[in-house]
Amino acid sequence: MLTLAAIEDAAETVYRSMAPTPQYAWPLLADAVGRKVWVKHENHTPTGAFKVRGGLVITSGIARNSPAGTGIISATRGNHGQSLAFASARNGLACTIVVPHGNSAEKNAAMRAFGAELVEAGSDFDEAKQHAMALADERGLMMVPSFHPDLVRGVATYAMEFFRAADDLDVVYVPIGLGSGICGMISARDLLGRRTRIVGVVSDKADAYALSLESGQRVETASAVTFADGMAVRGPDETALAMIRAGVDDILRVSDEAIAEAVRLLYRTTHSVAEGSGAAALAALLQDQRRGEVAGIVLSGQNIDTAWMAEILAGGTPAP
């Protein structure tokens, strides 16, 4: 269990490399949705996504507690990898990132620019993760998972900011990849004593967390093929699932078409660029009008490929 002091300590680490992100209640978005909506702009971080907060906290701990020359490795579709590359450079760690074949060329370029060595392996995130684990043993690297208590502690800082700045939230919609973002939100809400409902959001093409919540046991899917690559996970993390089961009001599924429409709406009403997982919370809000007067959405990232953004703005839905 996280404590308030542990999150405050993580915030000190995070704020040495970035400022708190803003939250705005955009009037055009409220007009379009029909209610007040606070947007937590995690697209305003140094890597364009919320993951950097957890990356800064976990790499700080590794650098402090490991021998000199320690190298780390992880698997990602993009934002987790950019986070670790950015944070490793600030903490003197060598960083290797494994991505699946066909991963976003622009996210790959960003990870290299932040200083990571990039390895391509597997057809999706789960296969890339297996290759990363094998490489960790082969090269003597420390495997950093996509879900870990220090990652949750780091990303919980965005939720603390959100609840303290917008104290009228009835419900918050949070996208779910492997779960650090929503677990951070649940922890911050409980520690601050808020009564805000938290609704998780998954792609209807990668709905392992929704299936697991509904069935009462861990369920994996055979595939996770969606352009919202930050949510393209076939199997839930057991620890994250337990926290989500205990703390969420619901998990909603959204289609790629609904996500693309949410990307367009965010751009039109706030001039913010959102990747698929970044717009998923708004897509869920648009189909769920029954939970309270004031809603919050987490714009968890902006790292969408140029070609996909152009296709969406032209009225289409990208094929992953």
Side-chain angles (χ1 to χ4, degrees), residues 1-25 38-66 72 74 79-93 95 114 144-169 172-196 198 230 239-240 243-244 247 278 281 296-302:
M1 291 292 293
L2 281 180
T3 65
L4 196 59
I7 300 176
E8 298 285 10
D9 179 70
E12 290 185 15
T13 299
V14 170
Y15 298 154
R16 286 197 289 268
S17 296
M18 59 171 278
T21 60
Q23 45 280 310
Y24 299 125
W38 285 99
V39 181
K40 182 56 172 169
H41 281 281
E42 288 298 284
N43 55 323
H44 289 185
T45 75
T47 64
F50 79 102
K51 290 277 192 179
V52 69
R53 297 171 181 267
L56 287 164
V57 171
I58 199 167
T59 57
S60 175
I62 291 170
R64 187 170 57 250
N65 298 315
S66 302
I72 66 168
S74 193
N79 289 339
H80 176 60
Q82 289 182 66
S83 160
L84 291 179
F86 175 88
S88 291
R90 279 152 180 75
N91 285 291
L93 300 172
C95 180
F114 283 128
V144 178
S146 296
F147 186 90
H148 184 277
D150 281 344
L151 296 176
V152 176
R153 189 164 64 94
V155 301
T157 60
Y158 89 80
M160 295 286 283
E161 294 167 9
F162 202 12
F163 283 122
R164 284 171 169 167
D167 59 4
D168 57 347
L169 291 168
V172 177
Y173 297 83
V174 188
I176 302 175
L178 211 53
S180 63
I182 193 166
C183 289
M185 184 69 74
I186 291 167
S187 297
R189 178 205 55 191
D190 294 348
L191 289 168
L192 290 172
R194 301 290 195 268
R195 302 184 67 179
T196 306
I198 296 174
T239 303
M243 291 182 69
I244 291 167
I297 60 172
V298 181
L299 202 173
S300 60
Q302 67 179 11

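- Looking only at distances, no side-chain donor or acceptor of Ser83 sits under 3.5 Å from a matching main-chain atom of Asn79.
- For the residue pair Arg189 and Gly247, the shortest heavy atom distance occurs at NH2-O, 3.0 Å.
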Exercise for the section: Determine, stepwise, if the pair Val172 / Met185 fulfils side-chain contact (heavy atoms from CB on, under 4.5 Å). Expected result: CA-CA 9 Å; Val172 177; Met185 184 69 74; 3.8 Å; yes
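- Here the CG-CZ distance, from Leu169 to Phe163, works out to 6.5 Å after rounding to the nearest 0.5 Å.
- Side-chain contact between Val174 and Ile297 is absent, with no heavy atoms from C-beta onward closer than 4.5 Å.
- One N or O on the side chain of Asn91 and one on the backbone of Ala87 form a donor-acceptor pair closer than 3.5 Å.
- Nearest approach of Ile244 to Ile186, heavy atoms of both residues: CA-CD1, 3.9 Å.
- Note that CD of Gln302 is 11.0 Å distant from CD of Glu42, once rounded to the nearest 0.5 Å.
- Between the Tyr158 side chain and the His41 main chain, no donor and acceptor come within less than 3.5 Å of each other.
- In this structure, Arg90 satisfies the cation-pi test against Phe86, with its NZ or CZ atom closer than 6.0 Å to the six-membered ring centre and inside 45 degrees of the ring normal.
- Of the inter-residue distances, the one linking Arg164 atom CZ with Arg194 atom CZ reads 8.0 Å to the nearest 0.5 angstrom.
- Proximity of Tyr24 to Lys40: side-chain heavy atoms (C-beta onward) are nowhere separated by under 4.5 Å.
- For the pair Thr45/Phe50, no side-chain contact is recorded, criterion being any heavy-atom separation below 4.5 Å from C-beta on.
- Heavy-atom minimum distance, Met18 versus Val52: SD-CG1, 3.8 Å.
- Two residues are said to be in side-chain contact when any heavy atoms from C-beta on lie closer than 4.5 Å; Thr21 and Glu161 meet this criterion.
- Rounded to the nearest 0.5 Å, atoms CZ (Arg153) and CG (Leu151) are 10.0 Å apart.
- Residues Leu4 and Leu192 meet the side-chain proximity criterion, which asks for heavy atoms closer than 4.5 Å.
- Of all heavy-atom pairs between Ala156 and Leu2, the closest is CB-CD1, 4.3 Å.
- The distance from atom NE2 of His80 to atom CG of Leu178, rounded to the nearest 0.5 Å, is 9.0 Å.
- No side-chain heavy atom of Ile72 sits less than 4.5 Å from a side-chain heavy atom of Ile58.
- Ser300 and Pro175 make their closest contact through OG-CG, 3.6 Å (heavy atoms, listed as atom of the first residue, atom of the second, distance).
- Distance OG1/Thr157 to CE/Met160: 9.0 Å, rounded to 0.5 Å.
- The nearest pair of heavy atoms linking Phe147 to Met243 is CZ-SD, 4.5 Å.
- Here the options are Val57, Thr13, Leu56, the test is side-chain contact (heavy atoms from CB on, under 4.5 Å), and the partner is Asp150; only Val57 passes.
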